[in-house]
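This structure is a prediction, so every number in the text was calculated from the model and none was measured.
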Amino acid sequence: MKQQWERLEAWLKANNPALLADLNPPAIDAEIRELEQKLGVTLPADFVACLKVHNGQRGRAGSLFSKGRYLSVDQILSEWTVWRDLLEQGEFDERSSAPDRGVGEGWWRTGWIPFVSNGRGDHLCLDLDPALGGYVGQVMEVSHDFESRCVVSNGFSEWLGGEVKDKCHG
C-alpha cells in the first residue's frame, strides 16, 4: 500500500500539486474503529492501510480517482448513512438491480461501503456482503440511476494498483 501511495504522490507532485495538497492526513486507529462500529463491519486490512496513509481528500481540487473523489472516514459514514436511510424508508422497494455474478441482489445493501464518490450519487464500494462466487472486499460500482451492479476488481489492493498504474502511465 505504501509503495502505491509513494508512486501516486510522486506523480501528483510533478503533475498536479493541488490534488496532492487536497489529500487529508492519515486516519487514526480510533477513527477507523469508530467507523467500523457504526457500519457494523470489519473493513479489509488493505483498505484500512490506505486510510492510514490518507484519510480521503478534501474535495477542493478535483477527483483523485477515475470514478470520483476519495472519501474520508467521515464522508464514508455520511454517504453510507444516506443509502441506509433510503433503504430503511423503503425507497428501493420497487427497484430491481442487475448484479454481476458474486454481487448480492438489491438496489443497495448495508454491506456495501462507499469509498469513492462522483458527487452525483454514484459510488465505488467495498462489497462486504458478496453473493456466492464473489469475494469479501471486492470493489463494485453502484449507481443511483442504473440497475447494474458491476464488479470492478476482486479486491481493494488490486483496484488501487490499477488506478495508480493508469494515472502514472504504466
Side-chain angles (χ1 to χ4, degrees), residues 1-85 108-129 135-145 149-170:
M1 191 61 51
K2 188 175 180 194
Q3 289 176 326
Q4 296 289 3
W5 273 110
E6 287 171 352
R7 183 174 178 204
L8 182 55
E9 289 170 350
W11 186 89
L12 289 171
K13 184 176 181 180
N15 296 282
N16 194 338
L19 192 51
L20 177 62
D22 195 52
L23 293 172
N24 289 322
I28 59 172
D29 290 336
E31 290 174 303
I32 296 168
R33 278 193 307 273
E34 182 179 355
L35 176 65
E36 289 178 322
Q37 179 187 32
K38 289 180 177 179
L39 298 175
V41 301
T42 299
L43 294 168
D46 54 356
F47 183 67
V48 169
C50 184
L51 289 171
K52 288 183 175 186
V53 177
H54 289 289
N55 183 11
Q57 63 178 115
R58 292 173 189 88
R60 299 184 197 127
S63 296
L64 179 62
F65 298 121
S66 61
K67 294 288 184 177
R69 182 173 40 92
Y70 171 42
L71 300 177
S72 69
V73 166
D74 290 341
Q75 294 162 336
I76 289 168
L77 181 59
S78 177
E79 296 287 334
W80 180 88
T81 300
V82 167
W83 283 94
R84 186 215 47 211
D85 290 351
W108 190 78
R109 299 164 68 94
T110 58
W112 296 348
I113 312 302
F115 69 94
V116 168
S117 172
N118 70 1
R120 297 182 302 276
D122 303 326
H123 296 85
L124 290 181
C125 296
L126 297 170
D127 184 358
L128 304 184
D129 184 24
Y135 300 94
V136 173
Q138 65 192 2
V139 175
M140 57 177 292
E141 193 167 2
V142 176
S143 169
H144 74 289
D145 277 337
R149 298 294 181 256
C150 302
V151 174
V152 176
S153 177
N154 289 334
F156 181 78
S157 291
E158 177 184 297
W159 172 83
L160 182 62
E163 285 285 318
V164 171
K165 183 178 179 183
D166 290 348
K167 188 173 284 293
C168 300
H169 311 294

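The aromatic rings of Phe156 and Trp159 are tilted relative to each other, their planes meeting at an angle between 30° and 60°.
A pairwise comparison of heavy atoms in Lys165 and Arg7 identifies CA-NH1, 4.1 Å as the closest pair. Heavy atoms only, all atoms of each residue included: Trp83 and His123 are closest at NE1-CE1, 3.2 Å.
Rounding to the nearest 0.5 angstrom, the gap separating the CG atom in Asp145 from the CZ atom in Arg120 is 10.5 Å. Here Ile76 contributes atom CD1 and Ser117 contributes atom OG; the two are 11.0 Å apart, rounded to the nearest 0.5 Å. To the nearest 0.5 angstrom, Cys125 atom SG is 9.5 Å from Glu79 atom CD. Summarising the geometry, atom CH2 belonging to Trp108 is positioned 8.0 Å from atom CZ belonging to Arg84; distances are rounded to the nearest 0.5 Å. Rounded to the nearest 0.5 angstrom, Trp112 CH2 and Glu141 CD are separated by 12.0 Å. Rounding to the nearest 0.5 angstrom, the gap separating the CG atom in Leu39 from the OG1 atom in Thr81 is 7.5 Å.
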Show the atom names and distances, to 0.1 Å, of all donor-acceptor pairs under 3.5 Å that link a side chain in residues 47-59 to residues at least two apart or in another chain.
{"unit_1": "Lys52", "atom_1": "NZ", "unit_2": "Asp29", "atom_2": "OD1", "d": "2.6"}
{"unit_1": "His54", "atom_1": "ND1", "unit_2": "Asn24", "atom_2": "O", "d": "2.8"}
{"unit_1": "His54", "atom_1": "NE2", "unit_2": "Glu9", "atom_2": "OE2", "d": "2.5"}
{"unit_1": "Asn55", "atom_1": "OD1", "unit_2": "Val73", "atom_2": "N", "d": "2.7"}
{"unit_1": "Gln57", "atom_1": "OE1", "unit_2": "Leu64", "atom_2": "N", "d": "3.0"}
{"unit_1": "Gln57", "atom_1": "OE1", "unit_2": "Tyr70", "atom_2": "N", "d": "2.9"}
{"unit_1": "Gln57", "atom_1": "NE2", "unit_2": "Asp22", "atom_2": "OD2", "d": "2.8"}
{"unit_1": "Gln57", "atom_1": "NE2", "unit_2": "Gly62", "atom_2": "O", "d": "2.8"}
{"unit_1": "Arg58", "atom_1": "NH1", "unit_2": "Ala21", "atom_2": "O", "d": "2.8"}
{"unit_1": "Arg58", "atom_1": "NH1", "unit_2": "Asp22", "atom_2": "O", "d": "3.2"}
{"unit_1": "Arg58", "atom_1": "NH1", "unit_2": "Leu23", "atom_2": "O", "d": "2.9"}

Scan the side chains in residues 12-20 for donor-acceptor partners under 3.5 Å anywhere in the protein, sequence neighbours excluded, and list what turns up.
{"unit_1": "Asn15", "atom_1": "ND2", "unit_2": "Trp11", "atom_2": "O", "d": "2.9"}
{"unit_1": "Asn16", "atom_1": "OD1", "unit_2": "Leu19", "atom_2": "N", "d": "3.1"}

Show the atom names and distances, to 0.1 Å, of all donor-acceptor pairs under 3.5 Å that link a side chain in residues 30-37 to residues at least two apart or in another chain.
{"unit_1": "Glu31", "atom_1": "OE1", "unit_2": "Ile28", "atom_2": "N", "d": "2.8"}
{"unit_1": "Glu34", "atom_1": "OE2", "unit_2": "Lys38", "atom_2": "NZ", "d": "2.8"}
{"unit_1": "Glu36", "atom_1": "OE2", "unit_2": "Leu43", "atom_2": "N", "d": "2.8"}

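A search for side-chain contact (heavy atoms from CB on, under 4.5 Å) contacts involving Ser78 returns nothing, not counting sequence neighbours. Evaluation of the side-chain contact (heavy atoms from CB on, under 4.5 Å) rule for Val136 yields Leu128, Pro130 as partners, not counting sequence neighbours.
Judged by distance alone, the side chain of Asp127 and the main-chain N or O of Met140 form no donor-acceptor pair under 3.5 Å. Within the 3.5 Å criterion, the main-chain N or O of Gly155 finds no donor-acceptor partner in the side chain of Glu158.
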Before giving the answer on side-chain contact (heavy atoms from CB on, under 4.5 Å), spell out for Thr110 and Trp80 the whole-Å C-alpha distance, their side-chain angles and the decisive distance to 0.1 Å.
CA-CA 8 Å; Thr110 58; Trp80 180 88; 4.1 Å; yes
Residues Lys67, Asn118; criterion side-chain contact (heavy atoms from CB on, under 4.5 Å); working and verdict
CA-CA 6 Å; Lys67 294 288 184 177; Asn118 70 1; over 6 Å; no
With side-chain contact (heavy atoms from CB on, under 4.5 Å) as the criterion, how do Lys167 and Phe65 come out once you've worked through the C-alpha distance, each side chain's angles and the decisive distance to 0.1 Å?
CA-CA 8 Å; Lys167 188 173 284 293; Phe65 298 121; 5.6 Å; no
Test His144 against Asp122 for side-chain contact (heavy atoms from CB on, under 4.5 Å), laying out the working first.
CA-CA 6 Å; His144 74 289; Asp122 303 326; 2.9 Å; yes
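Between Tyr135 and Val151 the shortest side-chain heavy-atom distance does not fall below 4.5 Å. Considering only heavy atoms from C-beta on, Leu126 comes within 4.5 Å of Pro44 through its side chain.
Judged as a ring pair (Phe, Tyr, Trp, His ring centres under 6.0 Å), not a single pair has a partner in residues 23-42 (not counting sequence neighbours).
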